[in-house]
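Being a predicted model, the structure only gives us computed values, none of them experimental.
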Amino acid sequence: MTRTSTTGLFLLLGLLWGGSFVAIEIGLADFPPVLFASYRFYIAGVAILGYTLLTTDHWHPRRYDEWLVAGIAGVLMIAGTHAFLYLGVPYISGDVAAIIISFSPVLTAVFASLLLEDRLTRISLAGFFCGLVGIGLISQPDPSNLLSANVIGVSLVFASATVWALGTVLTRPLRTDMPVQSLQAWAMLIGAPLLHATAIARGESAAAIAWTPVAAGTLAYLGIMAGTVAFLIYFELLDRLGAAEINLIGYLEPVAATGLSYLILGRLIDISSVAGFVAIFVGFALIKRTAIREITTSARPPNN
């Protein structure tokens, strides 16, 4: 596999996942939010499970530890993460939500230091606070109106990033032999009914869905393109690049989401959101400086 094809797949993955934030924003005009998320993962979970049936004999959890990791991923990384995300996007734009979600790797490092005894240095702490500054620049809280729509939206999406980071850290010590595609399929199939139950508890109903062509298109995009095709690309890149490099996709997604928001919705994010994204990325770079240095070194051509 050439570096060109790997780069192309990386860019395509960033485009597909970045586009998901725009699709969520558009689709929420026709769907109740949490019910929308559940439908997405029913579609994606069944599709990826079908792929695992064709590619591996180990297509379902076989032991307690495998069910445990699938359960944690389903409850936190699918249900919890996306409930908060879909509830938050109506208050803020999808591209701004993508920027806030990019804070997840920073939060992951903090949770790892608290729960897994990973060392968090002073530079890493500076990176964490730099990321928080970025969140502040995006939310722009007004002390006289702390319940503004912008603050509520940013808070909900920040909760989404936090739950994802917690799930990432809790599943890290649970090493199993289950293939990543099998794990992802079962996490979705566990998370989707939980999202559905949450939607019902909130009073959301399928009767409230406006089945327009746009609604069907956004659901198909999220379930098939962003939820299935993108994950198959992710599995391939994970094998080629490893976990450290593939994590950088989180910083391509906001760029893709911003570009697509402009092309589809005619909207650009404001300068404070751009500054917030830069601050979050700097925080990530400070925390992951060693991994980034290793990636940069490995990418250099050998000296002749």
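- Annotation: L54, atom CG; neighbour count of heavy atoms from other residues, nucleotides and ligands within 6.0 Å is above 12.
- A ring-centre distance under 6.0 Å is found for F31 and W211.
- Counting heavy atoms of neighbouring residues, nucleotides and ligands inside a 6.0 Å radius, atom CZ of F36 exceeds 12 of them.
- Rounding to the nearest 0.5 Å gives a distance of 8.5 Å between CG of L11 and CG of L15.
- Judged purely by atom type and a 3.5 angstrom limit, T218 uses its side chain to pair as donor or acceptor with the backbone of A215.
- Proximity of I280 to I99: side-chain heavy atoms (C-beta onward) are separated by under 4.5 Å at one or more points.
- Heavy-atom neighbours of R122 CZ from other residues, nucleotides or ligands within 6.0 Å: at or below the threshold of 12.
- For the pair E204 (side chain) and A199 (backbone), a donor-acceptor distance under 3.5 Å is absent.
- Interatomic distance, CZ of F284 versus OG of S104, reported as 11.0 Å (0.5 Å rounding).
- Side chain of H82 to main chain of I78: a donor-acceptor pair is present (N/O by atom type, distance under 3.5 Å, no hydrogens or angles).
- The closest donor-acceptor contact from the side chain of T81 to the backbone of W164 lies under 3.5 Å.
- Between the CD1 atom in I26 and the OH atom in Y221 there is a gap of 10.5 Å [rounded to 0.5 Å].
- Under the 3.5 Å distance criterion, the side-chain polar atoms of N150 are matched with a main-chain donor or acceptor of I138.
- Using a distance-only test at 3.5 Å, with no hydrogens or angles considered, no donor-acceptor pair links the side chain of T56 to the main chain of T52.
- Looking at S182, its side chain never comes within 3.5 Å of a backbone N or O of M178 through a donor-acceptor pair.
- Around atom OH of Y251, more than 12 heavy atoms belonging to other residues, nucleotides or ligands sit under 6.0 Å away.
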